[in-house]
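First comes the structure, then the notes that go with it.
Only a predicted model underlies this, so the values are computations on that prediction, with no experimental measurement involved.
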Amino acid sequence: METSAAMAFDETEWVLADAPFAKDLDVDWVVTDGDEGAVSGVFFHPSTAGRRRICLSYAPFGRLLPALPDPSLSFLPPAAYARSSSRGLLLLRGPWSTYYVCNPATAECRRIPLPPRPHQFNAVPALALVVRPDDPAQFYVVCGLAVGDNGYRFETFSSASGVWKASIVASSVDAIVPGSGVSAAGVAYWRTSAPSVLAYDPATEKARVIRPPPGCVEAGALWQLGEAGGEGGLCCTCVTRAEVLVYCLRESDEWTVLGSFPLAIVGGDDAVEWDNGDPIACKETPRPLRFESTNLEVVLWVDGRVLAVDLETRRVRQLRFDGPTPSQEEDYVSYIGTVPRVTPVASS
């Protein structure tokens, strides 16, 4: 297989990294099926002819079949949307303020008690599922509800107590970007339109606003939040026309660069010469997606394909859709397959 200065995503030219002959190839980027701790796949709601379907779908990364006991997802409730994922658990929102926490790896799904006050279905709250770092079977469901034009108050459900609790003080912040909620190290995070990052710790009931990484405020930059690496802290993928940068948030709320790789925006079959390593070639600037991995791995939409890119091993995995590829406007929820059971909770 020939290599060039710009490595393009042509499936016919890739090999599996664990193939017997892969170790003899002189290449910089190879496709793999992933390993333990890598992002397993994504949940999404495919749309057809401009109309959104309720049916939830799952697509795995790599060439393996979905590692789910029920790939049809028949154990999930109907008319429910995937909103967030954390450490193998999936948060769904249904009508009439119903919320479900599921583990697709064990085909378990439980409805949590209704919140004290209904959450309007046409005014989707900012949602995040937060799994406790000290106990993977315990979780919080965090709902950020808009208060006026520039503030949010939080309602949180705890699986340990089995009840909802509302924050007393509203946090003053710009509008939260829909579908941006993630969790890391027991804290919920969202992007805002400022731009900034809103953080809420359900254990301490404290919120704070964090400045985004410096590259994210540049004109034309695209960015998304997630969790990556063994430390389990908040990370951010920032994509410009020149490179992909992955930042990590430190205790002082300062951002440090974990890794990066260059991009080559090309037209047709043209390639671009780079001095700082072999870039990934693409026709349009990639769109970062929410991500979760114990590896230094991010998820990108690249020219009609959803890719998991490991910045340490330089391995790339492609999402395998069973049918037509959904559009980049879909709300993809990254997922890591784990086996902790969903903690039973009391029903109201």
Are S183 and S84 close enough, and set up right, to give a side chain to side chain contact (heavy atoms under 4.5 Å, CB included), and what steps lead you there? CA-CA 9 Å; S183 69; S84 180; 5.8 Å; no
Go through the steps for F261 and L311 under the test side chain to side chain contact (heavy atoms under 4.5 Å, CB included), then give the verdict. CA-CA 7 Å; F261 61 87; L311 277 71; 3.8 Å; yes
What verdict does the side chain to side chain contact (heavy atoms under 4.5 Å, CB included) test give for L258 and C235, after you've listed the backbone C-alpha separation in whole Å, the side-chain angles of each residue and the deciding distance to 0.1 Å? CA-CA 9 Å; L258 286 182; C235 294; 3.8 Å; yes
Should V306 and F61 be marked as a side chain to side chain contact (heavy atoms under 4.5 Å, CB included) after you check the CA-CA gap, both sets of side-chain angles, and the distance that decides it? CA-CA 9 Å; V306 178; F61 282 104; 4.1 Å; yes
Set out, in order, the CA-CA distance, both residues' side-chain angles and the distance that settles side chain to side chain donor-acceptor pair (under 3.5 Å) for S159 and Q138, then state yes or no. CA-CA 6 Å; S159 64; Q138 300 290 338; 2.8 Å; yes
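Under the 30°/60° scheme for interplanar angles, the aromatic rings of W255 and Y247 are found to stand perpendicular. Taking the six-membered ring for Trp and thresholds of 30 and 60 degrees, Y332 and F321 have ring planes inclined between 30 and 60 degrees apart. Relative ring orientation between Y99 and H119 is described as perpendicular, the plane-to-plane angle rising above 60° on a 0-90° scale split at 30° and 60°. The aromatic rings of F139 and F157 lie tilted to each other, with the angle between the two planes from 30° to 60°.
Transitive grouping of hydrophobic side chains (ILVMFWY, heavy atoms separated by less than 4.5 Å) keeps Y189 and V142 in distinct clusters. When hydrophobic clusters are built by joining Ile, Leu, Val, Met, Phe, Trp and Tyr residues whose side-chain heavy atoms come closer than 4.5 Å, directly or via intermediates, V163 is not grouped with L91. Both L263 and V246 are part of a single hydrophobic cluster, where members link through side-chain heavy atoms under 4.5 Å apart. Residues I176 and V209 are members of one and the same hydrophobic cluster, defined by side-chain heavy-atom contacts under 4.5 angstrom among Ile, Leu, Val, Met, Phe, Trp and Tyr. Linking Ile, Leu, Val, Met, Phe, Trp and Tyr residues whenever their side-chain heavy atoms come within less than 4.5 Å leaves V197 and V177 in two separate clusters.
No side-chain heavy atom of F44 sits under 4.5 Å from any side-chain heavy atom of L56. Looking only at side-chain heavy atoms (C-beta outward), L300 and V239 come within less than 4.5 Å of each other. Using a 4.5 Å heavy-atom cutoff, the side chains of L289 and S334 are not in contact. L92 is listed as a side-chain neighbour of C102, based on a closest heavy-atom distance under 4.5 Å. Here the side chains of L73 and L68 are in contact, with some heavy-atom distance below 4.5 Å. Counting heavy atoms from C-beta outward, L307 and R317 have side chains that stay 4.5 Å or more apart. Here the side chains of L225 and R290 are not in contact, with every heavy-atom distance at 4.5 Å or above. Side-chain contact between L198 and Y200 is absent, with no heavy-atom pair separated by less than 4.5 Å.
For E108 and T106, the side-chain atoms include at least one donor-acceptor pair closer than 3.5 Å. T237 and Q224 share no side-chain donor-acceptor pair at under 3.5 Å. There is a side-chain donor-acceptor pair under 3.5 Å between T256 and R250.
The distance from the CZ atom of R315 to the CG atom of N295 is 10.0 Å, given to the nearest 0.5 Å. We find the CD-CG distance between E312 and L296 to be 5.0 Å, quoted to the nearest 0.5 Å. Expressed to the nearest 0.5 Å, how far OG of S97 lies from CG of L114 amounts to 7.0 Å. Interatomic distance, R191 CZ to D174 CG, rounded to the nearest 0.5 Å: 13.5 Å. In this structure, the separation between OG on S72 and OH on Y58 is 14.0 Å, given to the nearest 0.5 Å. In this structure, R305 CZ and Q318 CD are separated by 4.5 Å, a value rounded to the nearest 0.5 Å.
In this structure S74 satisfies the side-chain hydrogen bond (donor to acceptor under 3.5 Å, both in side chains) test together with D70, sequence neighbours excluded. Remark: S85 engages no residue in a side-chain hydrogen bond (donor to acceptor under 3.5 Å, both in side chains) (not counting sequence neighbours).
A donor-acceptor contact shorter than 3.5 Å links the side chain of S167 to the backbone of F154. W164 places a side-chain N or O within 3.5 Å of a backbone atom of P113 that can act as its donor or acceptor partner. Side-chain atoms of T240 come within 3.5 Å of backbone N or O of E243 as a donor-acceptor pair. Checked by atom type and distance alone, the side chain of E155 never pairs as donor or acceptor with a backbone atom of G144 at under 3.5 Å. Using modelled atom types, one side-chain atom of T192 and one backbone atom of S196 make a donor-acceptor pair closer than 3.5 Å. Without hydrogens or angle criteria, D201 side chain to A203 main chain gives a donor-acceptor distance under 3.5 Å. A donor-acceptor contact shorter than 3.5 Å is absent between the side chain of H45 and the backbone of E330. At least one donor-acceptor pair under 3.5 Å links the side chain of D303 to the backbone N or O of K283.
Shortest non-hydrogen contact noted between P288 and L222 is CD-CB, 3.6 Å. Across every non-hydrogen atom of A308 and E297, the tightest pair is CB-OE2, 3.6 Å. Considering all non-hydrogen atoms of both residues, G233 and A184 come closest at C-CB, 3.6 Å. Heavy atoms only, all atoms of each residue included: G88 and Y335 are closest at O-CE1, 3.3 Å. Residues P202 and V130 share a closest heavy-atom pair of CG-CG1, 4.4 Å. In plain terms, the two heavy atoms of G186 and P133 that are nearest each other are N-CG, 3.6 Å.
Residue-environment remark: CZ (R211) stays at or below the threshold of 12 foreign heavy atoms within 6.0 Å.
The ring of F291 has its center no closer than 6.0 angstrom to the ring center of W223.
A salt bridge links D253 with R208: the distance from a Lys NZ or Arg NE/NH1/NH2 to an Asp or Glu carboxylate oxygen falls below 4.0 Å.
Among the candidates V182, V101, V333, the single residue satisfying the side-chain contact (heavy atoms from CB on, under 4.5 Å) test with L129 is V101.
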